[in-house]
Amino acid sequence: MSNLYNRLAKVYEAMYQSFIDYEQEYQFYNKILTAYRINNVLEISCGTGNLANYFIRNKMGYCGLDISEPMLAIAQKKNPNGKFIQGDMRHLQINSPLESIIVTGRTLNYLVEDTEVTSAFHSFFNSLMDKGILCFDFIDADEFIPAIRENSNVIHEAIYDNTTYKRISTWNLRLKNGWDLDWRSDYYKKNANSWVKIGSDQANVRTFTLNEIEDFLKMSGFHLKDSVKRDTYAFSTYVVVAEKVTN
């Protein structure tokens, strides 16, 4: 698992508070769930509980799941009345069928091999009730891959709690499993007039085309209801809404 979600969990918490408008994220996902009359949601990749806070405050039946225990510890501390569980989206263990699942933070891009993607989608399917809703986002390969070929280095800066952070990312194409890449990122904190390195992270990630995602959904028994092109922090993203179909 990526260092960013374990040893660097506090760095994630600091930087992503600046990258993402979580109230706007909540409004976006809540609009989708409301359209399907959803009252309860499992958020996969809940991270440090920033989005959870809005669902809980607005009386949505909410449970957050993440594979990282350090991230969950922060989420639980910030949302003491919230429900958070540790788990792997490829192997969900759900006691009662769910109304909906949202997978946030482009987490699907960490599923590199086809077998991992199909395992996750089958896991989602088996965890949802009939007509249950699955919603997730992913980095759009059709835009991301050409951009990385032009410039493999991406720099982001963020200010949080009066501290300035910087992330320098380097992306290198692998093309071993679809449109996959090696992603290395170095994290820095500004100290007076100099940058102090506070950690590094390396991960293999996979981007997808919308057509690929449609095929994975069909193979897993889902019906694509909607796809939305969305410009989010750093990279062009698709958000997909799918419904469990049992006949």
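Because the structure is predicted, anything quoted here is derived from the model rather than measured. Both backbone and side-chain heavy atoms feed into the values below; hydrogens, waters and symmetry mates do not.
- Under the 4.5 Å side-chain criterion, counting only non-hydrogen atoms from C-beta, S200 is not in contact with Y187.
- To the nearest 0.5 angstrom, L72 atom CG is 10.0 Å from T48 atom OG1.
- Under a hydrophobic-cluster definition in which Ile, Leu, Val, Met, Phe, Trp and Tyr are linked whenever side-chain heavy atoms come within less than 4.5 Å, directly or via other members, L33 and V241 are assigned to the same cluster.
- Taking a cutoff of 4.0 Å between a charged side-chain nitrogen and a carboxylate oxygen, K225 and E214 do not qualify as a salt bridge.
- Side-chain atoms of S227 do not come within 3.5 Å of backbone N or O of L210 as any donor-acceptor pair.
- Taking hydrophobic clusters as Ile, Leu, Val, Met, Phe, Trp and Tyr residues chained together by side-chain heavy-atom distances below 4.5 Å, I101 does not share a cluster with Y36.
- Rounding to the nearest 0.5 Å places CG of N153 at 11.5 Å from CZ of R184.
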Please report the C-alpha distance between F84 and C46 in whole Å, then the side-chain angles of each, then the deciding distance to 0.1 Å, and finally whether the side chain to side chain contact (heavy atoms under 4.5 Å, CB included) criterion is met. CA-CA 8 Å; F84 298 94; C46 66; 3.8 Å; yes
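- Minimum interatomic distance between S127 and I94 (heavy atoms only, all atoms of both residues): OG-CG1, 3.5 Å.
- The ring of Y165 has its center no closer than 6.0 angstrom to the ring center of Y188.
- Checking side-chain atoms of N79 against main-chain N and O of G49 turns up a donor-acceptor pair under 3.5 Å.
- At a threshold of 4.5 Å between side-chain heavy atoms, the hydrophobic network of Ile, Leu, Val, Met, Phe, Trp and Tyr places W183 and I145 in one connected group.
- A distance-only check finds no donor-acceptor pair linking the side chain of N177 to the backbone of D180 [under 3.5 Å].
- Residues I139 and F208 form no side-chain contact, since every pair of their non-hydrogen atoms from C-beta on lies 4.5 Å or further apart.
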Residue pair D137, T237: steps toward the side chain to side chain donor-acceptor pair (under 3.5 Å) verdict: CA-CA 7 Å; D137 58 352; T237 300; 5.6 Å; no
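- Residue T118 comes nearest to T115 through the heavy atom pair OG1-O, 3.1 Å, listed as atom of the first residue, atom of the second, then distance.
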Step-by-step side chain to side chain contact (heavy atoms under 4.5 Å, CB included) determination, F121 to N126: CA-CA 9 Å; F121 280 14; N126 292 333; over 6 Å; no
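- Between I85 atom CD1 and L42 atom CG the span is 6.0 Å, to the nearest 0.5 Å.
- In terms of modelled atom types and a separation under 3.5 Å, the side chain of K244 and the main chain of F125 share a donor-acceptor contact.
- You'll find the side chain of F28 reaches within 4.5 Å of the side chain of V239, heavy atoms only.
- In terms of modelled atom types and a separation under 3.5 Å, the side chain of T107 and the main chain of V103 share no donor-acceptor contact.
- Remark: side-chain polar atoms of E116 are paired, donor with acceptor, to backbone N or O of E113 under 3.5 angstrom.
- Put simply, the side chain of Q86 gets close to the backbone of I67: a donor and an acceptor are under 3.5 Å apart.
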Using the salt bridge (charged side-chain N to carboxylate O under 4.0 Å, His left out) rule, take E212 and R206 through it: C-alpha gap first, then chi angles, then the decisive distance, then the call. CA-CA 12 Å; E212 286 179 304; R206 176 178 179 176; 3.7 Å; yes
For V41 and Y29, what are the C-alpha separation, side-chain angles and deciding distance, and is it a side chain to side chain contact (heavy atoms under 4.5 Å, CB included)? CA-CA 10 Å; V41 62; Y29 285 107; over 6 Å; no
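- Looking only at side-chain heavy atoms (C-beta outward), V117 and V112 stay at 4.5 Å or farther from each other.
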Apply side chain to side chain contact (heavy atoms under 4.5 Å, CB included) to residues L98 and M129 and explain how you reach the verdict. CA-CA 5 Å; L98 302 168; M129 62 178 58; over 6 Å; no
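- Cation-pi geometry between R106 and F136 is not satisfied (NZ or CZ under 6.0 Å from the ring centre, within 45° of the ring normal).
- Using a 4.0 Å cut-off between charged nitrogen and carboxylate oxygen, E23 and R57 do not count as a salt-bridge pair.
- Side-chain atoms of L181 and T207, non-hydrogen and from C-beta on, do get closer than 4.5 Å to each other.
- Using a 4.5 Å cut-off on side-chain heavy atoms (C-beta onward), Y26 and N50 make no contact.
- For W171 and F144, the ring centers are positioned less than 6.0 Å apart.
- Taking the side chain as every heavy atom from C-beta outward, N39 and E99 approach each other to under 4.5 Å.
- At a cut-off of 3.5 Å, with distance as the only test, no side-chain donor of N204 or K176 sits close to an acceptor on the other residue.
- Partner of D186 under the salt bridge (Lys or Arg N to Asp or Glu O under 4.0 Å) criterion, chosen from K197, K166, R167: K197.
- Taking OH of Y62 as the reference point, atom CG of L51 lies at 6.0 Å (rounded to 0.5 Å).
- Panel note: side chain Q27, backbone N30; no donor-acceptor pair is recorded below 3.5 Å.
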Check against salt bridge (charged side-chain N to carboxylate O under 4.0 Å, His left out), D140 and K229: CA-CA 9 Å; D140 175 21; K229 194 68 174 291; 3.3 Å; yes
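- Listed for the Q202 side chain is no donor-acceptor partner under 3.5 Å among the backbone atoms of S185.
- The CD atom of E243 sits 12.5 Å away from atom CG of D226, with the distance rounded to the nearest 0.5 Å.
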For R230 and E25, run salt bridge (charged side-chain N to carboxylate O under 4.0 Å, His left out): C-alpha distance rounded to whole Å, both residues' side-chain angles, the deciding distance at 0.1 Å, then the answer. CA-CA 11 Å; R230 192 177 184 217; E25 287 291 290; 2.7 Å; yes
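- Side-chain atoms of D66 come within 3.5 Å of backbone atoms of G47 as a donor-acceptor pair (strictly under, hydrogens ignored).
- Put simply, the residue from Y110, W179, Y238 that forms a ring pair (Phe, Tyr, Trp, His ring centres under 6.0 Å) with F138 is Y238.
- In the hydrophobic clustering of ILVMFWY residues, with side-chain heavy atoms under 4.5 Å counting as a link, L111 and M219 come out together.
- Using a 4.5 Å heavy-atom threshold, the side chains of E43 and L65 count as separate.
- The minimum heavy-atom distance between S123 and R90, with the atom names listed, is CB-O, 3.6 Å.
- I133 and I44 are not part of a single hydrophobic cluster, where members link through side-chain heavy atoms under 4.5 Å apart.
- A donor-acceptor contact under 3.5 angstrom links the side chains of D130 and T246, judged on distance only.
- Of all heavy-atom pairs spanning L217 and A242, the tightest one is CD2-CB, 4.0 Å.
- Annotation: the span from I148 atom CD1 to S169 atom OG amounts to 8.5 Å, rounded to 0.5 Å.
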